[in-house]
Undergrad: 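What follows is a structure written as structure tokens; I'll ask about it next.
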Amino acid sequence: MTRSYREVRADSRLLDVVEEIVDNGSVLVVGSDSQLLGIITTADLSEEFKKLAEPFLQIGEIEQHLRNLLSHLDGDELQKFTDPSDEKSVGEISDLALGEIIRILQNKEVWETVAVNLDRKVLVNRLEEVREIRNQVMHFDPDGLDESQLELIRGVSKMLHELRELPRRQSGRVTTR
């Protein structure tokens, strides 16, 4: 073996050694007694990044799809659904949090203006579950998400994505997005 490997202590912060892992492809992890404990590779780094980033990205997609569904509402209509004790001004759908978007979708009159073939109550119930997961993610719950929670947000994100694509497929338009 002619290649030398960089050693890092087991108590090193991952963020402190990321650049080294990327530059060298890997690092050797050693204990305080200089005993080899393992190796961290760029593949390990990629997997860890995916585990950390996926919930944020999936939830972001869900929120964006919902905002697209309600983009036809103007600021005055949106303001009606905000918490009256909240003094924030709502000019557009991007000003609203997920809980507020769910509250809007609960309204039957608004739901009738949304051109989707879904059961409103079922969707709202799923979105409430997503909102609870979102709060867990955004408050950095040390336990993270379990597989069933990940599957739920993946499924809701996929369903909303497919809803968005459906009119394009039905109209015969080809899209690269």
Side-chain angles (χ1 to χ4, degrees), residues 14-15 18 22 42-177:
L14 182 59
L15 286 175
V18 165
V22 170
T42 52
D44 298 322
L45 214 52
S46 296
E47 185 60 32
E48 190 63 23
F49 175 75
K50 180 183 183 280
K51 282 194 298 191
L52 292 171
E54 183 183 10
F56 288 96
L57 297 173
Q58 294 284 1
I59 291 166
E61 283 185 5
I62 290 168
E63 290 183 4
Q64 189 56 50
H65 288 309
L66 294 173
R67 288 184 175 105
N68 290 340
L69 276 179
L70 297 173
S71 63
H72 63 283
L73 300 176
D74 65 27
D76 291 334
E77 291 172 296
L78 296 171
Q79 189 72 47
K80 290 186 252 179
F81 297 99
T82 60
D83 184 347
S85 65
D86 190 353
E87 296 177 11
K88 77 177 179 180
S89 175
V90 177
E92 54 191 41
I93 192 71
S94 62
D95 295 332
L96 299 178
L98 182 56
E100 294 166 318
I101 292 170
I102 293 169
R103 194 170 330 140
I104 291 171
L105 291 172
Q106 289 172 328
N107 182 279
K108 288 180 183 179
E109 289 89 41
V110 171
W111 183 254
E112 290 173 6
T113 69
V114 177
V116 294
N117 188 19
L118 289 175
D119 183 280
R120 179 178 54 88
K121 289 181 182 180
V122 171
L123 177 63
V124 166
N125 287 338
R126 283 286 177 265
L127 293 175
E128 281 295 341
E129 292 176 86
V130 168
R131 187 186 60 76
E132 289 176 19
I133 293 169
R134 180 199 178 281
N135 290 344
Q136 184 178 346
V137 168
M138 297 305 172
H139 292 113
F140 301 100
D141 184 330
D143 295 331
L145 300 183
D146 62 38
E147 193 58 34
S148 67
Q149 292 171 308
L150 280 170
E151 286 302 317
L152 178 90
I153 60 175
R154 286 174 185 146
V156 171
S157 179
K158 182 180 179 186
M159 177 199 61
L160 292 172
H161 178 77
E162 289 171 355
L163 275 177
R164 191 189 88 198
E165 293 297 317
L166 190 60
R168 292 178 191 174
R169 281 190 228 123
Q170 290 173 340
S171 69
R173 288 187 285 169
V174 176
T175 179
T176 58
R177 290 187 156 190

Undergrad: About how many Å separate OG of Ser94 and CZ of Arg67, when rounded to the nearest 0.5 Å?
TA: 6.5 Å

Undergrad: Set out, in order, the CA-CA distance, both residues' side-chain angles and the distance that settles salt bridge (charged side-chain N to carboxylate O under 4.0 Å, His left out) for Glu100 and Arg103, then state yes or no.
TA: CA-CA 5 Å; Glu100 294 166 318; Arg103 194 170 330 140; 5.2 Å; no

Undergrad: Taking all non-hydrogen atoms of both residues into account, name the closest pair between Gly99 and Arg131 and its distance.
TA: CA-CD, 3.7 Å

Undergrad: Atom CD1 of Ile101 and atom CG of Leu69: how far apart are they, to the nearest 0.5 Å?
TA: 10.0 Å

Undergrad: When rounded to the nearest 0.5 angstrom, what distance separates CD in Gln79 from CG in Leu73?
TA: 13.0 Å

Undergrad: Using the rule given for side chain to side chain contact (heavy atoms under 4.5 Å, CB included), can you reason through Leu70 versus Val110, listing the C-alpha separation, both sets of side-chain angles and the distance that settles it, and then say yes or no?
TA: CA-CA 9 Å; Leu70 297 173; Val110 171; 4.0 Å; yes

Undergrad: Hey, what do you get for CD (Glu162) to OG (Ser157), rounding to the nearest 0.5 Å?
TA: 10.0 Å

Undergrad: Looking at Gly60, is its backbone amide N or carbonyl O close enough to the side chain of Glu63 to form a donor-acceptor pair, meaning the two atoms are under 3.5 Å apart?
TA: no

Undergrad: May I ask you to check whether over 12 heavy atoms, not counting those of Phe49, lie within 6.0 Å of atom CZ?
TA: no

Undergrad: Restricting to non-hydrogen atoms, name the atom on Leu98 and the atom on Arg134 that form the minimum distance, rounded to 0.1 Å.
TA: CD2-CD, 3.9 Å

Undergrad: At what distance, to the nearest 0.5 angstrom, does CD1 of Ile62 lie from CG of Leu57?
TA: 11.0 Å

Undergrad: Kindly say whether Glu92 contributes a backbone atom to a donor-acceptor pair with the side chain of Asp95 at under 3.5 angstrom?
TA: yes

Undergrad: Tell me the salt bridge (Lys or Arg N to Asp or Glu O under 4.0 Å) pairs involving residues 140-153, sequence neighbours left out?
TA: Glu147-Arg154, Glu151-Arg154

Undergrad: So, do Ile102 and Val130 sit near enough that their side-chain heavy atoms are less than 4.5 Å apart?
TA: no

Undergrad: Any chance you could measure Leu145, atom CG, to Ile153, atom CD1, to the nearest 0.5 Å?
TA: 5.5 Å

Undergrad: Any side-chain to backbone donor/acceptor pair from Gln58 onto Pro55? Under 3.5 Å, distance only.
TA: no

Undergrad: Does a side-chain heavy-atom distance below 4.5 Å link Trp111 with Leu123?
TA: yes

Undergrad: In the structure I gave you, are the side-chain heavy atoms of Ile104 and Leu96 within less than 4.5 Å of one another anywhere?
TA: yes

Undergrad: Assess whether side chain to side chain contact (heavy atoms under 4.5 Å, CB included) is satisfied between Leu118 and Met159, documenting all intermediate values.
TA: CA-CA 10 Å; Leu118 289 175; Met159 177 199 61; 4.2 Å; yes

Undergrad: Any side-chain heavy-atom pair from His72 and Val114 closer than 4.5 angstrom?
TA: yes

Undergrad: Where do Leu160 and Leu66 land on the side chain to side chain contact (heavy atoms under 4.5 Å, CB included) test, with the steps shown first?
TA: CA-CA 8 Å; Leu160 292 172; Leu66 294 173; 4.0 Å; yes

Undergrad: Please evaluate residues Met138 and Phe56 with respect to the criterion side chain to side chain contact (heavy atoms under 4.5 Å, CB included), reporting the C-alpha separation (whole Å), side-chain torsions for both, the decisive distance (0.1 Å), and the verdict.
TA: CA-CA 8 Å; Met138 297 305 172; Phe56 288 96; 3.5 Å; yes

Undergrad: Any carboxylate oxygen within less than 4.0 angstrom of a Lys/Arg side-chain nitrogen, looking at Glu129 and Arg126?
TA: yes

Undergrad: Check Lys108 with Glu112, please: is the shortest side-chain N to carboxylate O separation under 4.0 Å?
TA: no

